[in-house]
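Remarks on the structure that follows.
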Amino acid sequence: MKEKELRRTLAVLPIGTAMKLTDLSARQIRYYEDQDLIHPHRNEGNQRMFSLNDIDRLLEIKDYLADGMNIAGIRYAFEEQKRKSKLTSIQGASHELTDDDVRRILREELLQTGGFEGPDIPGFFHKKSL
DNA sequence: CTTCTTACA
DNA sequence: TGTAAGGA
């Protein structure tokens, strides 16, 4: 179960493949990297190389954006995922939540705009969604 | 041909 | 965000 995760983190996909897999433009992908939403590796020729995890990440960004969240909000969401997974990791394997669980739970919290209990982040949501 | 960075009639 | 420019 660890060998598979290793492969998932291998950055072997060029931006062209990432574009086809996520249906995002190179411009968008590079912009998200600029906003620290993704950190693709760079090969010898300074070319971005994406892992399958990076692809999932891009797909999540796409979903969050579609739900009216903006870059700042998404960055915060990912920070929360990191924070929460650190907690579960020190609580023991019995209560282990998969990354997918964490993502879905957080997603639900954020979707219920009125019920979201978190620090106020200026411009968390797109003006359009407000 | 693909990707990279920078800049904006 | 798109796209053009100029180099790798």
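Reckoned from all heavy atoms, side chains included, excluding hydrogens, waters and symmetry mates. Proteins come first, then strands; the chains are lettered A, B, ... in the order of their sequence lines, and each starts at number 1. Quantities reported herein were computed from a predicted structural model and do not represent experimental measurements.
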Is there a side-chain polar atom (N or O) of [X] under 4.0 Å from OP1 or OP2 of [N]?
| X | N | value |
| --- | --- | --- |
| A:R27 | C:dT3 | no |
| A:R30 | B:dC4 | yes |
| A:R42 | B:dT5 | yes |

Using the side-chain hydrogen bond (donor to acceptor under 3.5 Å, both in side chains) definition, which of the options A:R83, A:K82, A:K84 pairs with A:E80?
A:R83
May I have the distance from [X] (atom [atom1]) to [N] (atom [atom2]), rounded to whole angstrom?
| X | N | atom1 | atom2 | answer |
| --- | --- | --- | --- | --- |
| A:Q47 | B:dT2 | CD | P | 12 Å |
| A:Y31 | C:dG2 | OH | C1' | 14 Å |
| A:H41 | B:dC4 | NE2 | C1' | 18 Å |
| A:N43 | C:dA8 | CG | P | 16 Å |
| A:L13 | B:dT2 | CG | C1' | 15 Å |
| A:E44 | B:dC4 | CD | P | 13 Å |
| A:M19 | B:dC1 | CE | P | 15 Å |
| A:F50 | B:dC4 | CZ | C1' | 12 Å |

[X] has a side chain; which of [options] sits nearest to it?
| X | options | answer |
| --- | --- | --- |
| A:N46 | B:dT3, C:dT1, B:dT5 | B:dT5 |
| A:S25 | B:dT2, C:dG2, C:dT1 | C:dG2 |
| A:Q28 | B:dT3, C:dT1, B:dT5 | C:dT1 |

Any chance NE2 of A:H39 has more than 12 other-residue heavy atoms, nucleotides or ligands included, within less than 6.0 Å?
yes
More than 12 heavy atoms of other residues, nucleotides or ligands under 6.0 Å from CZ of A:R42: is that the case?
yes
Short N-O contact, A:D56 and A:R8, less than 4.0 angstrom
yes
Should A:L59 and A:M49 be regarded as members of a common hydrophobic cluster, given that ILVMFWY residues are connected when their side-chain heavy atoms come within less than 4.5 Å of each other, either directly or indirectly?
no
With both distances under 3.5 Å as the test, what is the Watson-Crick or G-U wobble partner of B:dT5?
C:dA5
